[in-house]
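First comes the structure, then the notes that go with it.
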Amino acid sequence: MVRLTINGKLVQAAEGEMLLSVIRREKIDIPALCHHEAVEPYGACRLCMVEITRPEWDGWANFVTSCLYPVEENLIVSTHSPKVIELRKTIVDLFLACHPNTPEIIQLAADYGVTHTSYEEVPEPDDCILCGLCTRICETMGFKAISAVGRGHGKEIAPPLGEAPPDCVGCLACAQNCPTHFIKFSDRNGVRRIWEKDFELMACSRCGRKTITREFAESLSAGRDIPMEYFEICDDCHRMETSRTMGRIANWSREVQP
Amino acid sequence: MRIKDPQHLSKVQKECRAALGKFPKKVIVCCGTGCLANGAAKIVTAFEDVLSKRKVKGFSIEAVTKTGCHGFCEQGPLVVIEPQGTFYTRVKPKDVEAIVEKSLAHDEILEPLLYSDPSNGHKIERYNDLPFFSMQRRIALRHLGKIAAHSIDEYIADGGYQALAKVLTSMTPDEVIAEIMASGLRGRGGGGFPAGRKWRTCRDVVSDVHYVICNGDEGDPGAFMDRSIMEGDPHGVLEGMMIAAYAVDARQGFIYVREEYPLAVTHLKKAIDDCEEVGLLGDNILGSDFSFSIRISRGAGAFVCGESSALMRSVAGEVGEPRAKYIRSVVKGLYDKPTVLNNVETYVNVPLIIDKGAEWYTSIGTPSNTGTKVFSLVGKVRNTGLIEVAMGATMREIIFGIGGGIIDNRPFKAVQTGGPSGGCLPESMLDLPVDFDTLTEAGSMMGSGGMIVMDDRTCMVDLAKYFLSFLVSESCGKCVPCREGLYQLHAMTVKVSEGRATEADLEKMEKLSEMIILGSLCGLGKSGPNPLLSTIRYFRDEYLVHIREKRCPAGVCRELITYEINDKCTGCMACISACAVNAITGEKKQVHVLDQEKCTKCGACYAVCKFDAIEIH
Amino acid sequence: MTYRFTVNPDVCIGCRTCELACAFAHAVAGKPGVSRIYPLDGGFKELWVPVVCLQCEEAACVKSCLVDALKRNPETGAIELNQEKCVRCMACIAACPFGCSLLDRQHNQVVKCDLCGGDPVCAHFCPTKALQYKPIEAGKVKVSA
C-alpha cells in the first residue's frame with residue numbers, strides 16, 4: 001500500500017500503480033488523449049501532466065505525465081494547479097494551430113477556454129493528431145501492420161512503403177479507437193477496404209450476414225486455437241442454433257423423465 | 001595468435017615496442033577526417049611514391065604512420081617528424097619530396113612549412129612549443145596524432161589493455177566501480193552524471209543480462225570530438241567499454257555510431273576484429289572468467305537518436321523515439337534490461353583512470369569537475385580545431401589563448417556552447433570557468449563540448465533561428481510541445497528576423513519557451529528553447545532593434561539588409577562574375593551598379609570584393 | 001464456495017422477464033441497455049431456451065481476445081469484459097459459438113453477461129426458477145482462470 005496526496009486528499013494506491021489510474025479512481029477528470037488501457041502508456045499528448053512535489057523538496061515542483069509516473073509514498077500531486085492549467089492550455093492551443101478544423105480538437109480546446117489558436121495556423125492535411133493509439137493497439141494485437149513514419153512535422157501514420165500493409169487483417173481496431181476518426185474504412189458488397197487493402201468479409205453460412213474478415217478469422221483460428229467453423233456463423237444464428245440444440249436436449253430429457 | 005593471459009600481453013607489448021623502435025625516425029601524417037578532406041591521403045601516396053624511388057637509410061614507408069586527428073585542423077594537412085617533434089603545417093603533396101630529402105635523409109628543417117605565430121611572425125619548430133598544444137592537457141586525446149589509428153600493435157605497445165589486465169587480475173567489479181566513483185568522472189556526453197554512480201546502479205539491478213552501450217551519435221552541429229576519438233583511438237574506447245562491462249556484469253556491448261561517420265565505423269570495426277582475433281574480445285578474455293563481445297550499431301541520420309532511450313530503441317531495431325524516463329534506462333534500458341550508456345569520451349578516460357588511479361585524475365580539474373574535457377573550437381576563432389583542457393579553464397583562456405583570438409582581430413561577440421541544447425555567453429562571461437555546473441547557472445551549458453565563437457558579424461537572432469530550424473527538423477514528433485511548439489517558436493523567430501514582429505511577440509516567445517521546457521517529453525524539447533532564451537537574455541537589445549527599428553546590426557538578416565556599392569569601387573568586375581542572379585552591372589573601370597530588385601542578399605559580391613567597395617546596410 | 005449459474009429450459013415459460021430485467025440492470029445513461037439473455041424458440045412445443053453466456057471453462061471469447069480484455073472474476077465465476085481495455089475488434093462476437101458476446105450498436109461497444117457482479121437479476125426475477133445462481137460444493141467442479 002502506498003499513501004500519497006492528490007489535490008490535498010490522502011489516498012491509497014497499489015505499489016507500481018501509475019498516477020493516472022489513481023486520479024481516475026478518485027473521479028478527477030483530466031484529459032489523456034493518447035491513453036488506452038489495452039496498451040502501454042505512451043506519454044505523447046502531455047495533457048495528463050500533473051504537478052508533483054515532495055515534502056523534502058522545499059516547494060520545488062516537477063511536472064510529469066501521470067500515465068507513466070508510478071506512485072510514491074508521500075508524493076504530493078496537484079492535477080489542476082495554475083501551471084498545469086497553463087500547460088494544458090498551451091498544448092491545446094498548439095493542437096488547434098495544426099488542426100483548426102478537427103471537431104474533437106476544437107471541443108478539447110473549448111474545454112480549456114481556447115476558441116482560436118494564438119499561434120500561426122499550419123493546418124495538417126488530415127485529422128491525424130499522432131496520438132499513436134492505432135499503431136500501439138495494432139502492435140499489441142500482434143499485427144504491427146502500420147507504424148509512425150517520418151519525423152517531426154512530417155510524421156504520419158502509414159503502412160510500410162505506403163503500400164497495402166501485408167500484415168493487416170482488417171480487424172478495424174485502429175479505426176475504432178482513433179480519437180479523431182481519421183482512419184477511414186468501408187464495408188461494401190462483402191468487401192472491407194482499409195489502408196487501401198481489400199478484405200473478404202466472412203458471410204454467415206446460415207443467413208449470409210457479414211461478420212469479420214476472413215484474414216482476421218484465419219489469424220485467430222491459427223494463432224489462438226479456435227476452430228474455424230466458429231467463424232462461419234454469425235452471432236444471431238449462433239444463438240438460434242444454441243436454443244435449438246438445448247431445446248433438443250431439454251425435449252429429450254422431458255421424454256426420458258416424465 | 002591468441003593473447004592467453006596478462007603475462008602473455010606484457011610479452012606482446014615488448015615485441016610490439018621492439019618492432020616500432022626499429023626506425024630511429026617516424027613520420028606522422030594526420031589522417032583525421034578534416035585533414036583527409038584536405039588531401040592527407042594524397043600526402044601518404046606521395047610518401048609512398050618518393051620512398052619507392054629514393055632509399056633513406058634507417059627509414060622506410062613502414063615508418064609513415066597514419067594517425068587520428070591532431071586537433072589543429074586550421075593548419076592541416078599536418079605532418080610531424082618524430083622523435084624531434086618537428087611540426088609541418090599546410091603540407092602539400094609536392095612538399096613531400098623535400099621533406100624526405102631534407103628532414104628524413106638529413107636533419108634539416110623546412111622553414112616555410114613551419115607554423116608561424118600570428119602575433120610576432122616567429123616560426124615555431126616543435127609540436128610541444130606551439131601554444132595551441134602546450135596550453136592543452138591531452139588525456140582523452142592522448143593517442144590522437146601519436147599512434148596509428150588502425151593498429152592494435154601500436155596501441156598495445158603504448159600500454160594498451162594493461163588496464164584491462166589489471167582489472168581482470170587484481171580488482172573485483174565493486175572495486176572497479178569504487179575507483180571510477182572516486183575519480184569523479186562525469187558523463188562527457190553533456191549530462192555530467194557521475195559515471196561510477198551509473199555503473200553502481202546498473203550493477204545493483206538483479207538481472208540475468210546487463211548491457212553496455214557507447215553513445216557515438218554526436219549529433220550537435222559543429223561537434224567532432226567523439227568522431228575524432230572513434231577514428232583515432234578506437235581501442236581506447238573498446239578498452240573503456242570492456243572495463244565497464246566487467247564492472248556491471250555485461251556480456252554484450254554495442255557502439256552506436258551515427259550514419260554520417262563511415263571512417264569511425266571502419267576503424268572501430270577493424271579494432272573489434274583485431275581484438276577478437278587475439279582473444280581480447282570473446283570468451284574468457286586474458287584467461288579470466290570474463291567474456292564480452294561488442295557489436296556496432298549504425299544510426300540512420302537522426303539527431304534525436306543521441307538521446308539515450310531513443311538510442312536504445314534504435315539499437316533494438318525500432319523507430320528512434322524517446323520515452324519518459326521516470327524509470328531510468330540504467331534500470332530498464334535496452335530490451336528492458338539494465339543498461340549502462342556512456343559517451344565515447346567518457347569511456348576513453350576509463351583505462352587511464354584505472355592505470356594511474358582515481359587520485360591522479362582528481363588532481364586535474366576542479367573538485368566537483370575532475371579531469372579534462374575535449375572541445376571542438378569552431379567559428380570565427382583563429383585556431384579552429386579539437387582541443388582538450390583541464391576542467392575549470394576559463395573561456396578566455398580557451399578562445400584567446402589556445403584559440404588565438406578572433407580572426408581579423410574583429411571584436412568578440414559571444415560563444416555558443418552545448419550545441420542546440422545550450423546557450424550563448426557574451427564577453428562579460430568570458431572569465432567563467434568551463435565545467436558542467438558553472439555554465440548552466442549562466443544560462444548555457446557545457447554540453448558535449450561544441451564551442452562556436454562569434455564576432456560582431458554574427459546576428460544573435462539569426463543564430464537562434466538556425467538552431468530552432470535544426471531542432472524542428474530533428475524533432476521526433478511524438479509530443480506536441482516539441483513538435484508544434486518549437487515549430488511555432490521558429491516561425492516567430494523568422495518574423496523577428498524579417499522585421500515583422502512586435503514586442504508582444506517577444507513576450508509570447510518567452511512564455512511559449514517556458515511551456516515547451518515544462519511540457520516536452522525528452523531533452524531535445526526540454527532544452528530546445530535554450531539558444532533562443534540565452535540570446536534574448538544577453539542580447540535583448542539586438543532583438544528589440546530588429547523589432548522596433550527593423551534593422552539587423554550585424555548585417556545578416558536578409559530581409560533587413562541591403563547591399564550597396566560605394567565609391568571605392570575600381571570597376572574590376574569581380575562581383576559581376578560572382579553574382580548568380582546578374583544583379584550587378586557595369587563596365588571595366590567604372591563604378592558598378594547593384595539592382596536591389598534582383599539582389600538576393602547572398603553575400604557573394606561582398607566576399608570577393610578586395611576593395612571594401614560593397615557595404616551592408 | 002463457488003457459485004454457478006444454471007439454466008433449465010425445461011421450466012422456462014418464455015415470459016422474457018429475464019430479458020427485461022437484464023436490459024434495465026445494464027442501463028446506459030438512464031435508458032435500458034442491451035440484454036445479455038434471450039429466451040429463444042427451442043424447436044418444440046412450449047419449449048423455450050434462455051440463451052445466455054455460460055461462462056465457459058475454456059472460453060472461445062477469452063482465447064480470441066488479443067488485448068486480454070476478457071478475464072474471469074474468481075469470486076463470481078463470470079468472465080468479465082473490461083470496457084476500457086476493449087478495442088472493439090469484434091473478435092469475441094465472431095468467436096463465441098453460442099452467440100453470447102453481443103454488439104451494442106447504439107453505443108458502439110461489446111457487451112456480455114457479467115452475472116451482475118454476483119447477484120444476477122435475471123435469476124432474481126425468473127418466475128419459474130429456470131435461471132438460478134447457486135453455490136456448488138467445493139471440489140465438485142473446477143473453474144479455470
Side-chain angles (χ1 to χ4, degrees), chain A residues 16 18-19 33-34 40-49 51-52 61-70 72 83-84 86-99 105 117-122 124 129-132 135 139 144 147-157, chain B residues 300-305 309-310 318-327 331-332 336 469-492 494-495 500-501 504-505 507-509 511-522 524-526 528:
Chain A
M18 296 299 160
L19 283 181
L33 210 48
C34 66
E40 293 292 319
Y42 196 46
C45 72
R46 320 304 288 168
L47 287 167
C48 71
M49 280 189 107
E51 185 171 333
I52 59 170
N62 199 3
F63 295 84
V64 299
T65 44
S66 53
C67 60
L68 277 167
Y69 199 86
E72 288 170 13
K83 258 287 181 298
V84 169
E86 196 186 337
L87 189 58
R88 284 198 200 125
K89 258 185 116 149
T90 308
I91 294 171
V92 300
D93 195 340
L94 288 168
F95 258 127
L96 206 54
C98 55
H99 288 102
I105 295 299
T117 179
S118 45
Y119 303 105
E120 185 186 318
E121 254 185 34
V122 265
E124 291 288 328
I129 57 170
L130 291 174
C131 65
T135 56
E139 185 170 346
K144 222 171 176 174
S147 175
V149 168
R151 185 170 77 207
H153 234 234
K155 201 179 183 80
E156 53 172 3
I157 306 295
Chain B
F303 171 73
V304 74
C305 284
S309 57
E318 295 180 32
V319 173
E321 280 178 357
R323 61 167 178 86
K325 298 214 289 274
Y326 306 133
I327 299 175
V331 173
K332 261 185 163 184
D336 272 346
S469 85
F470 173 79
L471 289 167
V472 165
S473 72
E474 293 293 340
S475 163
C476 80
K478 183 169 166 177
C479 75
V480 162
C482 173
R483 182 182 80 231
E484 304 297 336
L486 287 179
Y487 183 92
Q488 296 289 350
L489 213 54
H490 174 253
M492 286 190 259
V494 168
K495 269 173 82 171
R500 291 186 288 117
D505 284 328
E507 249 187 77
K508 202 158 129 187
M509 282 156 77
K511 252 299 80 196
L512 180 58
S513 296
E514 188 196 344
M515 290 294 115
I516 294 173
I517 293 171
L518 272 187
S520 289
L521 189 150
C522 82
L524 190 156
K526 278 199 211 295

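Keep in mind that what you see is a predicted model, and the values were worked out from it rather than measured. A, B, ... follow the sequence lines: proteins, then strands. Residue 1 opens every chain.
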Open item on the list: Please identify, among Val64(A), Ile91(A), Val149(A), the residue contributing the most non-hydrogen atom pairs under 4.5 Å to chain B.
Closed with: Val64(A)

Task: Top contributor to chain B contacts, counting heavy-atom pairs under 4.5 Å, from Ser147(A), Gly132(A), Ser118(A) - done: Ser118(A)

Task: Lys511(B), part contacting chain A, at a heavy-atom distance under 4.5 Å - done: side chain

Answer yes or no: is there a side-chain heavy-atom contact under 4.5 Å between [X] and [Y]?
X: Lys155(A); Y: Glu321(B); result: yes
X: Arg46(A); Y: Val480(B); result: no
X: Met49(A); Y: Leu518(B); result: no

What part of [X] gets closer than 4.5 Å to chain B, counting heavy atoms only: side chain, backbone, both or neither?
X: Val122(A); result: side chain
X: Ile129(A); result: backbone
X: Thr90(A); result: side chain

Task: Side chain Arg151(A), main chain Ser473(B), donor-acceptor under 3.5 Å - done: yes

- [ ] Check for a donor-acceptor pair, side chain of Glu120(A) on one end and backbone N or O of Gln488(B) on the other, with a separation under 3.5 Å.
- [x] no

TODO: With sequence neighbours left out, write down each residue that passes salt bridge (charged side-chain N to carboxylate O under 4.0 Å, His left out) with Lys89(A), or none if nothing qualifies.
DONE: none

Task: Contacts of Lys526(B) that satisfy salt bridge (charged side-chain N to carboxylate O under 4.0 Å, His left out) - sequence neighbours left out - done: none

When rounded to the nearest 0.5 angstrom, what is the spacing between [atom1] in [X] and [atom2] in [Y]?
X: Lys478(B); Y: Tyr42(A); atom1: NZ; atom2: OH; result: 4.5 Å
X: Ile516(B); Y: Leu94(A); atom1: CD1; atom2: CG; result: 7.0 Å
X: Tyr326(B); Y: Leu19(A); atom1: OH; atom2: CG; result: 9.5 Å
X: Phe63(A); Y: Ile517(B); atom1: CZ; atom2: CD1; result: 12.5 Å
X: Glu484(B); Y: Leu130(A); atom1: CD; atom2: CG; result: 8.5 Å

Open item on the list: If you apply the rule side chain to side chain contact (heavy atoms under 4.5 Å, CB included), what do you find for Arg323(B) with Leu68(A), and how did you get there?
Closed with: CA-CA 10 Å; Arg323(B) 61 167 178 86; Leu68(A) 277 167; 6.0 Å; no

- [ ] Taking all non-hydrogen atoms of both residues into account, name the closest pair between Ala324(B) and Thr65(A) and its distance.
- [x] CB-OG1, 4.5 Å

Open item on the list: Could you check whether atom CD of Glu318(B) has more than 12 heavy atoms from other residues, nucleotides or ligands sitting under 6.0 Å from it?
Closed with: yes

- [ ] Kindly indicate, with the supporting measurements, whether the criterion side chain to side chain contact (heavy atoms under 4.5 Å, CB included) is fulfilled by Glu514(B) and Lys83(A).
- [x] CA-CA 10 Å; Glu514(B) 188 196 344; Lys83(A) 258 287 181 298; 2.6 Å; yes

Task: Geometric class of the Tyr487(B)/His153(A) ring pair [parallel <30°, tilted 30-60°, perpendicular >60°] - done: parallel

